Amino acid sequence: MSGLASTLVSLGLPSTYEAAVLDYLTPTDIPTKSLRPFLYGFVGICFFAWLLYRTWIYPFLLSPLRVLPEPKGGWPIIGHMHLRVARPVGEAPLKWIKGHPDADLIRLRGFLDSEALCMLGPQAIAEVLVTKNYDFIKPPKAAGFLARVLGNGLVVVEGDVHKFQRKHIQPSFNFRHIKELYPIFWRKSIDVVERIKADLFDGASKTPPGVSELSFWAPKVTLDLIGIAGIGRDFHTVIHNEDELAQTYEKIMEPKFEIFLLFSLTVLGARWAMKILPTNVDRWLTLQTDKLRHLCRQFVVDKKRLMKISGEESADLLSKLIQSNNFSDDELVDQVLTFLAAGHETTSSTFEWATYLLARHPEIQSRLRKEIHEHLPPSISPDSKDIDLGEILESMPILNGVCSETFRLYPTVAQTLRVAARDTSIMGYPVPKDTLIAVPIYAVNRSPKLWGPDSEAFDPSRWIDRDTGKSNNSGGAVGNYSFMTFLHGPRRCIGQEFARAELRALVAAFVGAFEMDLEDENYRPLRMGVVTTKPSKGMPLKLKVVGDWSKAH
Ligand code: HEM
């Protein structure tokens, strides 16, 4: 029964019952006609009793979760709803983490004081994401909306289907395969650098001479990269945008208010309302996603046929999935859509944030450039058998520190949600089925308790071991659950190593070739977006081509 219906029943039934009892007990004194005011009176009394129960008696006197700390600023009736939806995503939980340094778990209240939880510390995180992972699922309505675009790929499926898919997709993302992708990452990174150079002083460019808008180039190069390394198709969007599959995909992903509205109404269970609004975006989305699926299906079928005929082994992820023989054509299409969506915007905005941080820290930028020039000789050829590009990029401490620190400070998925799939518990507190749980990735990554008093400072050296001068994996943080960018447990990001390798190549090629500054040195971008976040007003950079190194390419 919907929340509204159960409310009406719980109000109406007792009231009617009470009115009937009254009528029965005092039949002669109260004529039927005048029963109505009593009925209304009882409805009112029941309503207030119910309201009192929902907003005060249950949450503050009875709920087993009442012992948990709560952030300040809750309002009557709507609880902490206004804080939960506050933008930029993650800022409110960061305040909660700072205000409750010893709490692993806090309680939030929602509409009519329905209860939700927010995990702030390692023990709660470990239980929800790792030890009891399958007790918690993604919110079904949000996952249902995503499935319209992504199909039933790894991001949205649950339970045994997830276990099956994860088991059979994981090998395609293993270290050896990711290493094979480095030459692709490097070639495309150099391509975009060359395009930016050509555009920098081109009179036809939309930016002033010497300035480049990275938020124009970054999504293009990362779409090309996930295209070629993920599914073996070069979209060439850095050069032009004529690939029908890429065009359709980009159309769907374009930020549109109507799509946001459709998503919000779907999550609230009110998709029907789209029918009475003056927009046909729901139908438009269905048409576009059908077209995208059709194009992907055609591509998968052609690719399979070609692989059979040529017998060639290709490095892309889709080829590995085809070779594994575990998925039908339709299931392969679901994964293609999933790779495109999960591996595109996430890496492009991380790349933008990396350049922002470097532009604001010129001394780190110079040290990184020196390291790049020392390790990557101008003559480097990604295809040379004598050079292990992956090993070189992975061994550069400043480069890896800069990338890890960007992932930490600007996780593009700033927050994710879970719902209890059954009655369960976290840290011994009973958690009823359907309780919503916020996983505040951005906030945990900046927690002073876990990262120290300078937790919000950009300091790549925290990822370098002082004694050996080599990269470390912990960033000097406390425990295993301080770095949340890719989550943990069976649902952690499967593309983590792919994303790390891609960012290394992009940052090395870019910083090796350009000295960068913010076009407006006072620009402090906000994080904009809901599912993934990016800089609010793009990333306009003043670029100066670096002499010697750039000539080599
Ligand atoms: C900066 C880059 C990236 C970030 C920050 C990121 C972050 C995340 C996060 C936080 C999740 C978990 C979401 C949740 O369960 O609520 C996730 C899942 C996932 N990511 Fe990534 N991701 C990145 C890049 C990639 C790339 C490049 C790929 C693919 C090539 C990818 C593929 C996936 C897939 C398939 C899942 C679902 C895994 C599962 O549920 O088993 N991601 N990612």
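Numbering starts at 1 and runs along the sequence shown. Numbering of ligands and ligand atoms starts at 1, following listing order. No experiment lies behind these values; they were computed from the predicted model shown.
- Using modelled atom types, one finds no donor on one side chain facing an acceptor on the other under 3.5 Å when comparing K534 with S348.
- Where the criterion is an N or O separation shorter than 3.5 Å, residue side chain and backbone included, R491 meets it with respect to ligand 1.
- When each of V130, L129, V444, D104 is tested with Y481 by the rule side chain to side chain contact (heavy atoms under 4.5 Å, CB included), just one qualifies, namely V130.
- Under a 4.0 Å heavy-atom criterion, K138 is in contact with ligand 1.
- Of the listed residues (F175, F339, F185), just one forms a ring-ring contact (aromatic ring centres under 6.0 Å, His included) with F498, and that residue is F185.
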Run the salt bridge (Lys or Arg N to Asp or Glu O under 4.0 Å) check on R408 and E405 step by step: do they pass?
-> CA-CA 5 Å; R408 180 181 77 85; E405 197 64 345; 2.9 Å; yes

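- In terms of polar-atom proximity, defined here as any N/O pair under 3.5 Å, H162 does make such a contact with ligand 1.
- Contact annotation: for H488 versus ligand 1, there are no heavy atoms closer than 4.0 Å.
- Only the side chain of I226 comes within contact range of ligand 1, with a heavy atom under 4.0 Å; no backbone atom does.
- For the residue pair Q335 / Q165, a side-chain donor-acceptor distance below 3.5 Å is found, with atom types taken as modelled.
- Both the sub-6.0 Å distance and the 45° axial angle are satisfied by R527 relative to the ring of Y442.
- Residue contacts with ligand 1 leave out H344, since none of its heavy atoms falls under 4.0 Å from the ligand.
- Between Y134 and the choices R422, E158, R491, H162, the side chain to side chain donor-acceptor pair (under 3.5 Å) rule is met once, by H162.
- Applying the 4.0 Å criterion to heavy atoms of T416 picks out, from ligand 1, the atoms 14 (C), 16 (O).
- Interface of R492 with ligand 1, defined as ligand atoms under 4.0 Å from a residue heavy atom, comprises 38 (C).
- Of the protein's non-hydrogen atoms, the one nearest atom 7 (C) of ligand 1 is T485 O, 3.6 Å.
- Salt bridge absent: K179 and E497 never bring a charged side-chain N and a carboxylate O closer than 4.0 Å.
- Summary of contacts: the protein heavy atom closest to atom 5 (C) of ligand 1 is T412 OG1, 3.4 Å.
- Ion pairing between D234 and R187 fails under the 4.0 Å rule for side-chain N and carboxylate O.
- Residue contacts with ligand 1 for L154 involve both N, CA, C or O and side-chain atoms from C-beta outward (heavy atoms, distance under 4.0 Å).
- Taking a cut-off of under 4.0 Å to the non-hydrogen atoms of F407, the atoms of ligand 1 that pass are 1 (C).
- Residues S482 and W451 share a closest heavy-atom pair of O-NE1, 3.2 Å.
- Using a 4.0 Å cut-off between heavy atoms, R166 contacts ligand 1 through its side chain alone, with no backbone atom that close.
- Between the side chain of N400 and the backbone N or O of E394, at least one donor-acceptor pair lies under 3.5 Å.
- Under the 3.5 Å distance criterion, with hydrogens and angles disregarded, no donor-acceptor pair is assigned to the side chains of D330 and S328.
- Side chains of K303 and S319: a donor-acceptor N/O pair is present below 3.5 angstrom, by distance only.
- Using a 4.0 Å cut-off to heavy atoms of L487, the atoms of ligand 1 that qualify are 12 (C), 14 (C), 15 (O).
- The tally of protein N/O/S atoms under 2.8 Å from atom 21 (Fe) of ligand 1 stands at 1.
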Going through the distances and angles, do V336 and R233 end up as a side-chain contact (heavy atoms from CB on, under 4.5 Å)?
-> CA-CA 11 Å; V336 167; R233 176 165 174 145; over 6 Å; no

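- Each of the atoms 1 (C) of ligand 1 lies under 4.0 Å from some heavy atom of T350.
- The distance criterion of under 3.5 Å between nitrogen or oxygen atoms is met by R418 with respect to ligand 1.
- Put simply, no part of M484 is less than 4.0 Å from ligand 1, judged by heavy atoms.
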